[in-house]
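A short write-up of the structure that comes next.
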Number of protein chains: 4
Amino acid sequence: MPTQARTQVRHERILDAALSVFASRGYRDASVDEVAEAAETSKGGIYFHFPGKQAIFVALLERSADLLLARIVEAVEVEREPVARADAALRAVLKLFGSHRALARLFLVEALGAGPELRARMAAVNGRFAAFIRQNLDEAVQQGAIAPIDTALASQVWFGALNQIVSDWVLAEQPGRLEDSYPALRALLLRSVGAAP
Amino acid sequence: MPTQARTQVRHERILDAALSVFASRGYRDASVDEVAEAAETSKGGIYFHFPGKQAIFVALLERSADLLLARIVEAVEVEREPVARADAALRAVLKLFGSHRALARLFLVEALGAGPELRARMAAVNGRFAAFIRQNLDEAVQQGAIAPIDTALASQVWFGALNQIVSDWVLAEQPGRLEDSYPALRALLLRSVGAAP
Amino acid sequence: MPTQARTQVRHERILDAALSVFASRGYRDASVDEVAEAAETSKGGIYFHFPGKQAIFVALLERSADLLLARIVEAVEVEREPVARADAALRAVLKLFGSHRALARLFLVEALGAGPELRARMAAVNGRFAAFIRQNLDEAVQQGAIAPIDTALASQVWFGALNQIVSDWVLAEQPGRLEDSYPALRALLLRSVGAAP
Amino acid sequence: MPTQARTQVRHERILDAALSVFASRGYRDASVDEVAEAAETSKGGIYFHFPGKQAIFVALLERSADLLLARIVEAVEVEREPVARADAALRAVLKLFGSHRALARLFLVEALGAGPELRARMAAVNGRFAAFIRQNLDEAVQQGAIAPIDTALASQVWFGALNQIVSDWVLAEQPGRLEDSYPALRALLLRSVGAAP
DNA sequence: GATGAATGAGCATTCATTCAT
DNA sequence: AATGAATGAATGCTCATTCAT
């Protein structure tokens, strides 16, 4: 295996370990030692690949956000009309988080307690997603699919609602299937913007 | 001033200081020393009134939750029909948080990073509020004011939406007036459950 | 009750409480608060009667040492010949400690971990007792009851042996009756100085 | 120097420093910082090698007990008859402590004030030693070298006597040579069990 | 590239003592 | 005399980060 590939593998292994450790212990309570152990490497090894604990979290967030956005784009681009697109995005989010609970926990719970800088980065990620929702709502308005509304606020509402559904599921002791919430959630959200479910 | 009153005052002064310090520095990053300084007392003084750092946070949460719930009950009990009641509750929340940004920050941002035990306590507080929303929606359904829906999910959506609106406002660099969001938010939420705004 | 008597009573009550608390928790691990609670008074009350924690310990030691010495003198003065006198002293010690285990613990265990100054005071108390033994042994030698020996060392041996017996009894989980050790101990000690048991 | 050896050296250096600090300042009054300074390392360095302050004390106790027992075994195994063996053990103890006063202080003085858990550990070490004495006395009885006596009590007496001699020497302001006590102590102890000196 | 020993700043908590009431 | 609120110095321990090997 070429050197570069080995490094890449190590890098990924650390991120995987960090995801697991941060999700179960919490970012603040998790120590770099724990991540190192989970990654089957040493503390020094971690610091060779990442400049610090926070950088691991950031890298993890970006890797995950890229994955999430990719899934959404993938799901959305097969649809044409705005409402169906938003619908597809919603389903994609529930599907991804539904099958990656640790990821959901990282995004929706741990990131908030990780300090100001990480919170700001999370806000940026969230912003990307909210902007995507808003853009679709705007298009729906332009196309006359829904009546003119405050799409900035509506996208916040959609985002917050989805956030809450997933957060509750993440923190539930005995969580059911996240995707089961889809039909009812979809109906509520569409109604909220005046679109016929 | 009688001793008992002095103690009460000190107790409150510490909570006020803690609110300010926790909101600006974050619960984890705030030290007991900082709280002591803000309360114009000593570290030992803090520990005379509270058994530990976490207990301060819990006391703060409970004092605030009581205040919030009291405001809501107060606002709600003058209304008769469920939709108007939910409406009043919504307005009360926006009004209280709108004029106590630190409190909002404490509730919606800091509490999440404060570790598992405090998170659980927050969940209980949130649960009380969500249950209140749900109860009103249930009544609205029974009275035929709105069509039968999954009120458990709907209350989550309402809660999540409100949470998001307030959180964004809390974290905004130059926040406007929180209450300005009321009319549009109200319209969205009512539409979401099929009630005519 | 006259004021002076009340003070006296309070003073004693604090010493009794301190004996109990120091014996069960250890001098270092016991807090002044615990003593105050056991004495059914307040921390301030303690400091009215004693200048500090250490002073309580010292007062306790002195009160106890006086009691012990009094018992010994009492037991000894009815005997004439040196060996019988030492014998009586031995029995008195076993009897007193045997019925006051907390006192024994205070003297033989806690006092050692109480810091340099208290250790020095304990050494003085021990010294008084060892000197008493030695004096009797010296008289026994002068009277020809026992052969000439190094009575300084012999008194240390007697003291150490007694100390050990009592200490082991103090620390035993299920202690028997301390006085039961008397006959065999007596025989060993007398033989050690060449006196016919 | 290979890593493993360096670690070993550091480990020992910390124990040596702890011995010195604990002996001079007392276990309770000594701070981990002081130990670190004496070991020419940092507080964190200490905690890399030992899980806590108490663990240092325990390690020290065990290292020392092993040394003491080894010296005794070594001294004893060249002797055949029980009395001579006990004699050799006695001499070995006086010799070791006589040349390691800090060690003696640690064992006989500081360990007692170090709290319940450490006291229990010390009791175990003492027990090993007392059992050794008793075993030799038992053999002497069986071989008819001495008359039948309560060897459990006799071993306590021997142990206590030795303990006292060493303790007094440890706490003396201007101590002489500990080994000088040997002949007279030997005579007393042997006489106490009815063996001809 | 990797290891793990070392660093040192930071922090919650305890507690003997003081003192206003 | 007595109370209990207040003080502040002290300390064990954690952990992100550095670096010699």
Side-chain angles (χ1 to χ4, degrees), chain A residues 3-4 6-7 10-11 28-36 39-56, chain B residues 1-4 6-7 9-11 14 28-36 39-56, chain C residues 3-4 6-7 10-11 28-36 39-56, chain D residues 1-4 6-7 9-11 14 28-36 39-56:
Chain A
T3 298
Q4 209 177 354
R6 276 177 59 97
T7 294
R10 199 62 132 192
H11 196 91
R28 307 291 291 240
D29 290 331
S31 71
V32 175
D33 262 318
E34 287 173 294
V35 175
E40 290 176 276
T41 182
S42 63
K43 210 192 288 220
I46 299 279
Y47 278 88
F48 177 79
H49 289 281
F50 296 92
K53 184 185 180 186
Q54 185 168 292
I56 304 174
Chain B
M1 195 189 293
T3 297
Q4 209 176 355
R6 276 182 64 94
T7 294
V9 164
R10 198 64 132 188
H11 196 92
I14 292 170
R28 307 289 289 241
D29 289 330
S31 72
V32 175
D33 264 316
E34 287 172 298
V35 175
E40 289 176 277
T41 182
S42 63
K43 209 192 294 219
I46 300 279
Y47 279 92
F48 180 80
H49 289 280
F50 296 92
K53 185 185 178 186
Q54 184 168 295
I56 304 173
Chain C
T3 297
Q4 210 176 354
R6 275 178 58 97
T7 295
R10 198 64 132 190
H11 196 92
R28 307 292 290 240
D29 290 331
S31 70
V32 175
D33 262 317
E34 285 172 297
V35 175
E40 290 176 276
T41 181
S42 64
K43 210 190 290 216
I46 299 279
Y47 278 89
F48 178 79
H49 289 281
F50 296 93
K53 184 184 179 186
Q54 186 168 290
I56 305 174
Chain D
M1 193 190 294
T3 298
Q4 209 176 355
R6 277 181 64 95
T7 294
V9 164
R10 197 64 130 190
H11 196 93
I14 292 171
R28 307 288 291 240
D29 290 330
S31 71
V32 175
D33 265 316
E34 287 172 297
V35 175
E40 290 175 277
T41 183
S42 63
K43 206 192 297 216
I46 300 279
Y47 279 91
F48 180 80
H49 288 280
F50 297 92
K53 185 184 179 187
Q54 184 168 295
I56 304 174

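A quick note: this is a predicted structure, and the numbers were derived from the prediction, not measured. Naming convention: chains lettered A, B, ... in sequence-line order (proteins, then strands); numbering from 1 in each chain.
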| said: From the set dA2(F), dA6(E), dA2(E), return the single nucleotide nearest to any side-chain atom of H49(A). | reply: dA2(E)

| note | The reported gap from CD in E34(B) to NZ in K43(B) (rounded to nearest 0.5 angstrom) is 10.5 Å

| So what does S42(A) hit on the nucleic acid, given a heavy-atom distance under 4.0 Å: a base, only sugar-phosphate, or nothing? | base

| note | Rounded to whole Å, the CD-P distance (Q54(D) to dG12(F)) equals 12 Å

| query | Rounded to whole angstrom units, what separation is found between the CZ atom of F48(A) and the P atom of dT3(E)? | reply | 11 Å

| query | Side chains of I46(C) and K53(C): does their closest heavy-atom pair fall under 4.5 Å? | reply | no

| task | Starting at atom CG of D29(C), determine the distance to atom C1' of dT14(E), rounded to an integer number of angstrom. | result | 12 Å

| Nearest atoms (heavy-atom pairs only) where S42(D) meets A36(D) | C-CB, 3.7 Å

| said: If you define the side chain from C-beta out and look only at heavy atoms, does anything of T7(B) sit under 4.5 Å from H49(B)? | reply: yes

| query | Rounded to the Å, how far apart are I14(D) CD1 and dA5(E) C1'? | reply | 11 Å

| Under 4.0 Å between a side-chain N or O of T7(C) and OP1 or OP2 of dA1(F)? | yes

| task | For A36(C), answer base if it contacts any base atom (sugar-phosphate contacts may also be present), sugar-phosphate if it contacts only those atoms, and nothing otherwise; contact means non-hydrogen atoms under 4.0 Å. | result | nothing

| task | Would you mind telling me which residue lines up with the more 5' stretch of DNA chain E, E34(B) or P51(B), judged by nearest nucleotide? | result | E34(B)

| query | Pick the nucleotide of DNA chain F nearest each of E40(C) and V32(D); which residue has the one closer to the 5' end? | reply | E40(C)

| task | Can you tell me the pairing partner of dT3(F) across any strand shown, Watson-Crick or G-U wobble, with both distances under 3.5 angstrom? | result | dA20(E)

| query | Given atom OH of Y47(D) and atom C1' of dT7(E), what is their separation to the nearest angstrom? | reply | 15 Å

| task | Report which part of the nucleic acid K43(C) touches: base, sugar-phosphate, or nothing (heavy-atom distance under 4.0 Å, all strands). | result | base

| field | Length of the CG-C1' vector between D33(B) and dA10(F), whole Å | value | 13 Å

| Going from CZ on F48(D) to CZ on R10(D), what distance comes out if it is rounded to the nearest 0.5 angstrom? | 11.0 Å

| note | DNA chain F nearest-nucleotide lookup for T41(C) and G45(B): closer to the 5′ end is T41(C)

| Taking only N and O in the side chain of R6(D), is any of them less than 4.0 Å away from OP1 or OP2 of dA5(E)? | no

| Between dC11(E), dT7(E), dA16(F), which nucleotide gets closest to the side-chain atoms of K53(A)? | dA16(F)

| field | Counterpart base for dC11(E), defined by Watson-Crick or G-U wobble contacts under 3.5 Å | value | dG12(F)

| note | Comparing nearest nucleotides in DNA chain E, the 5'-proximal residue of the pair G44(B), G44(D) is G44(D)

| request: Quickly work out the I46(C) CD1 to dT18(E) P distance and round it to whole Å. | output: 14 Å

| query | Contact class for A55(D) vs. all strands (heavy atom < 4.0 Å): base, sugar-phosphate, or nothing? | reply | nothing

| Are any of R10(B)'s side-chain N or O atoms less than 4.0 Å away from OP1 or OP2 of dA6(F)? | yes

| Taking atom C1' of dT18(F) as reference, at what distance in whole Å does atom CZ of F50(A) sit? | 18 Å

